[in-house]
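Note that the coordinates shown come from a computational prediction; the quantities given were computed from them, not determined experimentally.
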2 protein chains.
Amino acid sequence: MGEQTPRYHRIADDLRGQIERGELAPGQQLLTEFELMEQYAVSRNTVRLALRRLTDEGLIIAGQGRGSFVRKQLTPAVWDWSVLESRSRHRSDANGDQWASVVAESGREPRQEVKVTIRRPSAEIARQLQLDPETALTVVRERVRIVDQDPYALADSYFPEELVRGTALMLPEDVAAPGGVLASIGLIQVRYQDEITVRMPTRGESEKLGLPAATPVAVHMRTGYDKGDRPLRVMITILPGDRHVIRYDVSAE
Amino acid sequence: MGEQTPRYHRIADDLRGQIERGELAPGQQLLTEFELMEQYAVSRNTVRLALRRLTDEGLIIAGQGRGSFVRKQLTPAVWDWSVLESRSRHRSDANGDQWASVVAESGREPRQEVKVTIRRPSAEIARQLQLDPETALTVVRERVRIVDQDPYALADSYFPEELVRGTALMLPEDVAAPGGVLASIGLIQVRYQDEITVRMPTRGESEKLGLPAATPVAVHMRTGYDKGDRPLRVMITILPGDRHVIRYDVSAE
DNA sequence: TTGGTGGTCTTGTACCAACAACTTGATGCC
DNA sequence: GGCATCAAGTTGTTGGTACAAGACCACCAA
């Protein structure tokens, strides 16, 4: 049978069309693999290849023992990164808790799990903080941001150890202060450099965030500098693509 | 055999470890499926499941008839979006050709394929441009940005038709002007709103860009406003994750 | 030298079978 | 009623086979 496109491609195309036209609504259960076998007169393997294709595109999601379902897209959280902590319009909250207040406004319950460690910096972190990777130490605050019990993002902050030694930043608690936590200990960030990359999550990230298959992440790395251009902090945020929008406002002064 | 983790998980973990430890270098060919069958004493099906896992993580890439290879990451192009076209430091070029000049600086050859059409706007575009989706028309400039024959990004610009009627923007050519093309016809953008989302590419994007499997894309939507807060343009750029870094500088005035 | 031709190697597609693991709802016991 | 148990249904895992399709190389012929 000299067909050009493989059968499982055409089955996937057919199902994708049904999803895009709305004949299969978000959250709705698809036919079972066995039913699809009969409908298309193919083997179960071929059906599974087609379903895998849709899974990889993020269109459906399968659960063992339950069935396959059209994936419903979450209403994404919009995240405005174009404001300095020190002049945040969001009622005097730090950037770390801009998040908390934005979430709270939408009637949901934010929570953060914080873990603090002292570590030798990785090559990338050392470069961003202009530290010697052999001798310097960094204080690392690893946060898991949770909304209504569901993990939403990972946010890890790295500080040069000598700058924050003995301050509240070393407490494994959810610290917040008006104007930003760094400002509260006398470190004023006047400039950020943000770099955003896109990739598939690592296994560890995928587990911590409970990500469904085929969910890419944005990696947002923000380096904060004081007015002498000394780097004070690197914050790396892992934002799952299915639940976040990153926003910037760029304007002439 | 009451094992907790499936065999193909463990095989994938093993191979992933080899890649991460550098025992398998980027670009290097993996053992063939048949050899892996013998080495792990499993069926080809199981080997393929393990390889698929690594493919989905973006770690390897397979070619029919050639073999499987450790994926080498490209040196990503850094893309600075925090500058207005009108005050670009990059030798008086438009944003659209900030790209061209950055690429040219690194000794590679940039090229753009441009297609211009007039269309009724989608709901999203109409909302961004504050147009009536029933009656309004938009001029759409679809560009494929190519570096050394390889497609690198898609950049589609949408203009309200009444604003650009009869101007150079309606020519299906690679137009450029000092200070930006819009400025050259009297439309001055003083503010942008950028929204970045992350998702898997659609089939069409994947084909146009020749993306390997498991390559997510960043969708960068920039809406430009004049000083009366009237939207002048929406530009949607599709940036494959394996070859782009998005950068912003955020500073106090 | 050049070009085509064919054979071999490798991954891709498609089929079949069996059991495991998990979910869900029904059943029945206390 | 409440709770444990069971059975049926569904996807997950693993084994097998066969042929197709693309890549690559060696060989031969012009």
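At a threshold of 4.0 Å, the pair Lys208(B)-Glu113(B) does not count as salt-bridged, since none of the basic side-chain nitrogens sits closer than that to a carboxylate oxygen. Ionic pairing of Asp56(A) and Arg52(A) is present here: one or more N-O contacts between side-chain nitrogen and carboxylate oxygen are shorter than 4.0 angstrom.
Counting to the nearest Å, the P atom of dC16(C) and the CZ atom of Arg48(A) are 16 Å from each other. Here the C1' atom of nucleotide dT10(C) and the CZ atom of Phe69(B) are 10 Å apart, to the nearest Å. Nucleotide dG12(C) holds its C1' atom 14 Å from the CZ atom of Arg52(B), rounded to whole Å. Atom CG of Asn45(B) and atom P of dG12(D) are 14 Å apart (whole Å). dT13(D) atom P lies 15 Å from atom CG of Leu51(B), rounded to whole Å. Residue Arg44(B) contributes atom CZ, which lies 13 Å from atom C1' of dC15(C) at whole-angstrom precision. Taking atom CD1 of residue Ile61(A) and atom C1' of nucleotide dC22(C), one finds them 16 Å apart after rounding to whole Å. Atom-to-atom, CG of Leu49(B) to C1' of dT11(D) comes out at 13 Å; the value is rounded to the nearest Å.
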For residues 193-200 of chain A, which side-chain donor-acceptor pairs fall under 3.5 Å, sequence neighbours excluded?
| unit_1 | atom_1 | unit_2 | atom_2 | d |
| --- | --- | --- | --- | --- |
| Asp194(A) | OD1 | Arg222(A) | NE | 2.9 |
| Asp194(A) | OD2 | His220(A) | NE2 | 3.3 |
| Asp194(A) | OD2 | Arg222(A) | NE | 3.4 |
| Asp194(A) | OD2 | Arg222(A) | NH2 | 2.8 |
| Asp194(A) | OD2 | Tyr248(A) | OH | 2.5 |
| Glu195(A) | OE2 | Arg247(B) | NE | 3.1 |
| Glu195(A) | OE2 | Arg247(B) | NH2 | 2.4 |
| Arg199(A) | NH1 | Glu205(A) | OE1 | 3.0 |
| Arg199(A) | NH2 | Glu205(A) | OE2 | 3.0 |

Result block: side-chain N/O donor-acceptor pairs under 3.5 angstrom for residues 57-68 of chain A, not counting sequence neighbours:
| unit_1 | atom_1 | unit_2 | atom_2 | d |
| --- | --- | --- | --- | --- |
| Glu57(A) | OE1 | Arg16(A) | NE | 2.8 |
| Glu57(A) | OE1 | Arg16(A) | NH2 | 3.4 |
| Glu57(A) | OE2 | Arg16(A) | NH2 | 2.8 |

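Side-chain atoms of Thr215(B) never come within 3.5 Å of backbone atoms of Leu211(B) as a donor-acceptor pair (strictly under, hydrogens ignored). Between the side chain of Gln18(A) and the backbone N or O of Leu15(A), no donor-acceptor pair lies under 3.5 Å.
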Polar atoms only, N or O, under 3.5 Å: list the protein pairs with nucleotides 23-27 of chain C and their distances.
| unit_1 | atom_1 | unit_2 | atom_2 | d |
| --- | --- | --- | --- | --- |
| dT23(C) | O4' | Gly65(A) | O | 3.3 |

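Phosphate contact (OP1/OP2 of dT13(D), side-chain N/O of Tyr8(B), threshold under 4.0 Å): present. Side-chain nitrogen and oxygen atoms of Ser68(A) include none within less than 4.0 Å of the OP1 or OP2 phosphate oxygen of dT10(D).
Side-chain proximity of His9(B) to dA14(C), dT11(C), dT13(D): nearest is dT13(D).
Contact annotation for Ser43(A): base contact, defined as any heavy-atom pair under 4.0 Å involving a base atom.
Taking the ring pair (Phe, Tyr, Trp, His ring centres under 6.0 Å) definition, one finds that His244(B) meets it with Trp79(B), Tyr152(B), sequence neighbours left out. Every side-chain hydrogen bond (donor to acceptor under 3.5 Å, both in side chains) that Arg203(A) has, sequence neighbours left out, goes to Glu207(A), Asp13(B).
Non-hydrogen atoms lying under 4.0 Å from DNA chain D are contributed by nothing in residues 23-38 of chain B.
Interatomic distance, Thr55(B) OG1 to Arg48(B) CZ, rounded to the nearest 0.5 Å: 9.0 Å.
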